[in-house]
Engineer: 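Supplied in structure tokens, the structure appears directly below.
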Amino acid sequence: MDAPGRWALLFSDLEAQLAAQEVAEREDAVAELTRAEHATIPVADRWRAALGAPVTVELADGEPVAGVVRRVAGTWVLLDGRGASGRVEHLVPLAAVASVVGLGRQAVPSTARTDALGLGTVLRRLQRDRGRVVVRTSAGQAVGRLARVGADHLDLEETDGAPRLRVVPFAALLRVSRS
């Protein structure tokens, strides 16, 4: 009578091992699918999930820029920050971001048509306003008004010091700020 009890224990043990193996395989499959899903998420979608949240951006030159995420497109983000003169808006090309603190783990895919607006479109809007801006590149910053916005560059009429025209390629932009 002892033998049938051993068989039952043996089969119970095998069933438990198979069940544990199935759970481990399922967990591995879920983890792999999760990694594959994360691999498809662009950083702009992470920014969209942070709309209204405070963040601190470290630009490619190491400058920190703090602000609240107001608008996001595929290639740029608009932050509301604080400066000595009050509220400051920072237009930051995503290519100029070295790192950011404050984005959560969530992502929101692009749904608005305005998400596709390029950097030039937004800069042309600033040009029409004729407001004073600060243009920052890795070489420093200049203050003035946007005179022209081309396909891949801007012309800045500098207002600090002797008047002159500075041409800045979009690839060199770290931020454009206005009060």
Side-chain angles (χ1 to χ4, degrees), residues 40-179:
T40 66
I41 298 172
V43 73
D45 290 357
R46 301 275 304 274
W47 279 97
R48 276 186 206 91
L51 281 171
V55 296
T56 300
V57 175
E58 180 182 2
L59 298 178
D61 69 346
E63 178 194 27
V65 177
V68 174
V69 180
R70 289 295 172 219
R71 299 275 323 222
V72 178
T75 59
W76 54 266
V77 62
L78 181 65
L79 303 175
D80 272 350
R82 286 263 172 242
S85 59
R87 182 174 172 250
V88 179
E89 292 180 312
H90 303 287
L91 178 65
V92 179
L94 292 179
V97 175
S99 67
V100 60
V101 174
L103 295 184
R105 295 181 184 271
Q106 299 78 20
V108 174
S110 172
T111 57
R113 290 171 37 152
T114 56
D115 289 348
L117 291 178
L119 189 58
T121 303
V122 179
L123 290 170
R124 283 183 201 89
R125 177 62 185 223
L126 284 174
Q127 176 192 1
R128 279 191 297 272
D129 293 348
R130 297 293 294 158
R132 186 172 174 259
V133 296
V134 176
V135 173
R136 183 165 182 86
T137 69
S138 59
Q141 65 184 29
V143 179
R145 288 179 172 57
L146 296 178
R148 292 177 45 194
V149 178
D152 61 355
H153 67 282
L154 63 83
D155 290 357
L156 181 72
E157 291 175 349
E158 291 187 60
T159 56
D160 285 2
R164 62 183 179 172
L165 188 69
R166 179 182 298 262
V167 178
V168 181
F170 288 172
L173 280 178
L174 297 179
R175 69 172 165 82
V176 176
S177 302
R178 73 173 179 171
S179 303

Engineer: Any idea which heavy atoms bring Ala44 and Ala73 closest together, and the distance?
Structural biologist: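 Here Ala44 and Ala73 meet closest at CB-O, 3.7 Å.
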Engineer: Could you go through Val55 and Val77, starting from their C-alpha distance and side-chain angles, then the distance that decides it, and tell me whether this counts as side-chain contact (heavy atoms from CB on, under 4.5 Å)?
Structural biologist: CA-CA 11 Å; Val55 296; Val77 62; over 6 Å; no
Engineer: Do you know which of Arg145, Arg148, Arg130, Arg132 makes salt bridge (charged side-chain N to carboxylate O under 4.0 Å, His left out) with Glu157?
Structural biologist: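 Exactly one candidate clears the test, Arg130.
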Engineer: Quick check: do Val100 and Val57 have side-chain heavy atoms less than 4.5 Å from each other?
Structural biologist: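 Counting from C-beta outward, Val100 and Val57 do come under 4.5 Å.
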Engineer: Residues two or more places apart in sequence or in another chain: which of them pass side-chain hydrogen bond (donor to acceptor under 3.5 Å, both in side chains) with Glu58?
Structural biologist: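 Partners of Glu58 by the side-chain hydrogen bond (donor to acceptor under 3.5 Å, both in side chains) criterion, ordered by chain and then number, come out as Ser99.
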Engineer: With a 4.5 Å limit on heavy-atom distance, are the side chains of Leu154 and Leu173 in contact?
Structural biologist: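 Side-chain contact under 4.5 Å: yes.
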Engineer: Show the nearest heavy-atom pair for residues Val92 and Leu174, with the distance to one decimal.
Structural biologist: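 For Val92 versus Leu174, the nearest heavy atoms are CG1-O, 3.6 Å.
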Engineer: Which residue pairs satisfy the side-chain hydrogen bond (donor to acceptor under 3.5 Å, both in side chains) criterion with at least one member in residues 165-174, sequence neighbours excluded?
Structural biologist: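 Qualifying pairs, neighbours excluded: Glu158-Arg166.
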Engineer: Would you compute the distance between atom CG of Leu78 and atom CG of Leu51 and round it to the nearest 0.5 angstrom?
Structural biologist: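 Nearest 0.5 Å value for the CG-CG distance: 10.5 Å.
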Engineer: Which residues pass the side chain to side chain contact (heavy atoms under 4.5 Å, CB included) test with Val122, not counting sequence neighbours?
Structural biologist: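 Applying side chain to side chain contact (heavy atoms under 4.5 Å, CB included) to Val122 gives Trp76, Leu91.
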Engineer: Between Thr56 and Val65, is the side-chain contact (heavy atoms from CB on, under 4.5 Å) condition met? List the steps.
Structural biologist: CA-CA 6 Å; Thr56 300; Val65 177; over 6 Å; no
Engineer: Could you tell me which residues satisfy side chain to side chain contact (heavy atoms under 4.5 Å, CB included) with Val108, sequence neighbours excluded, listed by chain and number?
Structural biologist: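 Result, side chain to side chain contact (heavy atoms under 4.5 Å, CB included) vs Val108: Arg48, Ala49.
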Engineer: Between Ala50 and Val69, what is the shortest heavy-atom contact and its length?
Structural biologist: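 Looking at all heavy atoms of both residues, the shortest contact is O-CB, 3.5 Å.
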Engineer: Applying side chain to side chain contact (heavy atoms under 4.5 Å, CB included), name anything that partners Arg87, two or more places apart in sequence or on another chain.
Structural biologist: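 Arg87: side chain to side chain contact (heavy atoms under 4.5 Å, CB included) contacts with Asp80, Arg82, Glu89.
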Engineer: Going by salt bridge (Lys or Arg N to Asp or Glu O under 4.0 Å), name the residues that satisfy it together with Arg175, two or more places apart in sequence or in a different chain.
Structural biologist: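 With sequence neighbours excluded, Arg175 shows a salt bridge (Lys or Arg N to Asp or Glu O under 4.0 Å) to Glu63, given in chain and number order.
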Engineer: With Arg71, which residues qualify under side-chain hydrogen bond (donor to acceptor under 3.5 Å, both in side chains), at least two apart?
Structural biologist: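 With neighbours one apart ignored, the set is Thr114.
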Engineer: Which residues satisfy the side chain to side chain contact (heavy atoms under 4.5 Å, CB included) test with Ala107, sequence neighbours excluded?
Structural biologist: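 Applying side chain to side chain contact (heavy atoms under 4.5 Å, CB included) to Ala107 gives Ile41, Asp45, Arg46.
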Engineer: side-chain contact (heavy atoms from CB on, under 4.5 Å) between Val134 and Val143: does it pass, once the steps are laid out?
Structural biologist: CA-CA 5 Å; Val134 176; Val143 179; 4.0 Å; yes
Engineer: For Asp155, check side-chain hydrogen bond (donor to acceptor under 3.5 Å, both in side chains) against everything at least two apart and list the hits.
Structural biologist: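 For Asp155, no residue satisfies side-chain hydrogen bond (donor to acceptor under 3.5 Å, both in side chains) once neighbours in sequence are set aside.
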Engineer: Assess the residue pair Leu146 and Leu156 against the criterion (side-chain contact (heavy atoms from CB on, under 4.5 Å)); give the C-alpha distance rounded to whole Å, side-chain angles, the decisive distance to 0.1 Å, and a yes or no.
Structural biologist: CA-CA 5 Å; Leu146 296 178; Leu156 181 72; 4.1 Å; yes
Engineer: Kindly check if the number of other-residue, nucleotide or ligand heavy atoms within 6.0 Å of CZ (Arg70) is above 12?
Structural biologist: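 More than 12 heavy atoms, drawn from other residues, nucleotides or ligands, come within 6.0 Å of this atom.
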Engineer: Measuring from Arg128:CZ to Leu123:CG, what's the distance to the nearest 0.5 Å?
Structural biologist: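 One finds 11.0 Å between CZ of Arg128 and CG of Leu123.
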